[in-house]
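Working notes, structure below.
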Amino acid sequence: MTPPSLLTALLPLMADLAQDLPEAERHRRLLETLRVLLPCDATAMLRLEGAWLVPLAVNGLSGDTLGRRFRVTEHPRFEQLLAAPGPVRFAADCGLPDPFDGLVDGVQGHLPVHDCMGCALQVDGRPWGVLTLDALDVGRFSRVELDVLQAFASLAAATVALATRMHGLAARAEDERQRADSYAQAAAQLGHSGHGPRQLIGHGAAHKRLMKEIALAGPTDLCVLIQGETGTGKELVAQALHAASARAKRPLVSINCAALPDNLVESELFGHVRGAFTGAVGDRRGKFELADGGTLFLDEVAELPLQVQAKLLRVLQGGHLQRLGSDREHRVDVRVIAASNRNLADEVRAGRLRADFYHRLSVYPLLVPPLRERGRDVLPIGGFFLEEARSRMGLGAVRLDAGAQAALLAYDWPGNVRELEHLLGRSVVKALGRHAQRPRILTLGAEDLGLGVGDAAGATATATATATASAASPQAGAVPSPAAALGLRDAVADLERRMVLQALEQHGHQWAAAARALGIDPANLARMAKRLGIARG
């Protein structure tokens, strides 16, 4: 490309420098300009975040790519791009695995022999991220075009640097580091330390509304009540609220109220002194004291006994508490974030939750949308879990074919993001079992997901669809389906009740064994049984 034509192609990008564009729109335009300069089949822009490269924008790659997190040390092409002083063109026979294998739109399976090049974006003399280009034709990129890519990368880096200053990102770099640290610590506690930090992922309207609420409530010291169905990611929302607050340098202490035995709740929350009860052999600080100066996250707060709710009120109102068995008063400065999958207003009306406790918790109510209301966000979220599974199992690449993507988008997700994670994890295992040898690219089809057949969630979705179809096209003499008679929520509850009772019967009413058979935590099974009206004998 001659200098005049190069300048003409870059004019729109230079014009963007003078505009205060949203970050996503700036990145989208940047990749569009890149494909005008260097015609290719796919481009991507990724930002370096610690040990991972995070896709910010893609063009010509599948939608789930945006949810993936690429550990640099697992992708030698990315390592070379970040280490090289300028653009790199990879030979078609270089043999290094391509991180986007199986992700190019319109290509089924492994990429054919192709051209691939890219370069690091340098901001303030340090690697900020990378640009990549893939072409399916060998020889599409020439050595001359490396110079074009270098010129483009320099201007692209200038847009990144300017946008960083315009939006104050440089001033918040330390906060972002602390947020990454808090996510990494939470992931390590949950056993995910070998993978990228868990994050709130999405691009749709529901996700943007949620992030706006977090941005508003996070910097305040208000009590936030996070409500949403099981598996929507309420703990991640709590982590994001803490990371956005002035308390981010202080600890975030989490406690699952549903997992606490009634006789230990007060000790766990407020601490105890030696001799307060049998087994109290020394003084012990409670969660409130551990969280002093920081944030306390009360998960499943509706499970707290009424007498404990009354004692919590005093701490919430003035920060004063007493350890169990002590007359000495302690003063703590703690922000409380609570979460529940129940409608707490209904719990108040039913007498299971104190009204004053509820109003103290819900100063800033925040609703986490269920996965079925998040549209196409299911694909990038699924991409994150697929990349985790790929790394965990040592696979070359894992992709979803068009049928699998359509199945994910069409499913109702009664278990939300947690169900998606478990579904994709076992689907990778199932798909791998179909191959005598590990394939270079493992492709998941709709049959591997098994949505709608062979599992309880699929049966619920099928029953609901049948009920809907019957209502739309009634036939004389037709018998209403159970789902149609009960409604979706009651039908799901009925199915859950039958599954729990069947598991208990098969395992001699051993609750731990039944929980393992159902694939859930024993504490969650106890909570579910209580909600479903199943007595624990």
Side-chain angles (χ1 to χ4, degrees), residues 49-50 52 54 69 168-169 171-193 195-202 207-228 231-259 268-269 285-302 304 312 315-316 319 321 331-341 344 360-369 384 417-418:
E49 294 185 0
W52 288 271
V54 178
R69 302 295 182 264
L169 294 180
R172 291 172 11 218
E174 182 62 18
D175 289 341
E176 292 297 325
R177 185 191 66 77
Q178 291 164 3
R179 176 182 297 190
D181 287 347
S182 67
Y183 281 151
Q185 291 168 7
Q189 292 170 359
L190 293 171
H192 295 292
S193 55
H195 308 294
R198 291 293 174 95
Q199 300 175 1
L200 293 167
I201 295 172
H207 176 79
K208 290 177 180 177
R209 286 194 297 270
L210 176 61
M211 297 307 293
K212 183 177 180 180
E213 294 282 0
I214 291 172
L216 289 172
T220 74
D221 257 354
L222 299 177
C223 282
V224 178
L225 175 60
I226 306 169
Q227 295 194 91
T232 52
K234 295 186 289 295
E235 186 168 1
L236 282 183
V237 172
Q239 292 171 5
L241 287 165
H242 174 71
S245 74
R247 300 172 179 266
K249 295 181 181 180
R250 303 294 297 169
L252 168 63
V253 177
S254 301
I255 184 167
N256 185 344
C257 302
E268 285 294 319
L269 290 173
R285 292 190 300 167
K287 299 297 185 183
F288 270 97
E289 288 187 73
L290 293 174
D292 191 22
T295 303
L296 179 64
F297 175 50
L298 299 174
D299 197 11
E300 301 302 342
V301 69
L304 290 173
L312 268 172
V315 186
L316 294 176
L321 64 83
R331 178 80 164 77
V332 292
D333 173 24
V334 175
R335 182 198 190 174
V336 172
I337 298 174
S340 178
N341 59 5
L344 296 194
R360 177 62 66 176
L361 289 177
S362 61
V363 176
Y364 196 107
L366 196 157
L367 181 65
V368 183
F384 178 90
V417 177
R418 186 178 296 127

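Note that the structure is predicted; figures quoted are calculated from it, not measured.
Nearest heavy-atom pair, Ala243 versus Ala248, reported as atom, atom and distance to 0.1 Å: O-CB, 3.6 Å. Val334 approaches Phe288 most closely through the heavy-atom pair CG2-O, 3.4 Å. Closest approach of Ser245 and Gly218 over heavy atoms only: CB-O, 3.2 Å. Closest approach of Ala217 to Arg335, counting heavy atoms only: O-NH2, 2.9 Å. Minimum heavy-atom separation, Lys234 to Phe297: O-CZ, 4.3 Å. The two residues Thr232 and Pro369 come nearest to each other via the heavy atoms CG2-O, 3.9 Å.
In this structure, the side chains of Thr295 and Arg250 stay at 4.5 Å or more apart for every pair of heavy atoms. Residues Leu321 and Glu289 are in side-chain contact: their nearest non-hydrogen atoms beyond the backbone lie under 4.5 Å apart. Side-chain contact check for Glu235 versus Gln239: some heavy-atom pair is nearer than 4.5 Å. In this structure, Val237 and Glu213 have side chains that are not in contact, with every pair of non-hydrogen atoms separated by 4.5 Å or more. A heavy-atom distance below 4.5 Å is not found between the side chains of Asp299 and Ser254. Looking at Phe384 and Gln199, their side chains never come closer than 4.5 Å, going by heavy atoms from C-beta outward.
Residue Leu225 is tested with Leu344, Val363, Leu366 for a side chain to side chain contact (heavy atoms under 4.5 Å, CB included); the sole match is Leu344. With Leu236 as the fixed residue, the side chain to side chain contact (heavy atoms under 4.5 Å, CB included) test singles out one of Leu200, Ile226, Leu241: Leu200.
For Asp292 (side chain) and Asp333 (main-chain N/O), a donor-acceptor pair under 3.5 Å exists by modelled atom type.
Here the straight-line distance linking atom CG of Leu361 with atom CD1 of Ile337 works out to 11.5 Å at 0.5 Å rounding. Rounded to the nearest 0.5 angstrom, Arg247 CZ and His242 NE2 are separated by 9.0 Å. Between atom CG of residue Asp221 and atom OH of residue Tyr364 there is a gap of 14.5 Å, rounded to the nearest 0.5 Å. With values rounded to the nearest 0.5 angstrom, Leu298 atom CG is found 8.0 Å from Leu316 atom CG.
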- Item | Pair Ile201-Arg69, side chain to side chain contact (heavy atoms under 4.5 Å, CB included): steps then yes or no | CA-CA 11 Å; Ile201 295 172; Arg69 302 295 182 264; 3.6 Å; yes
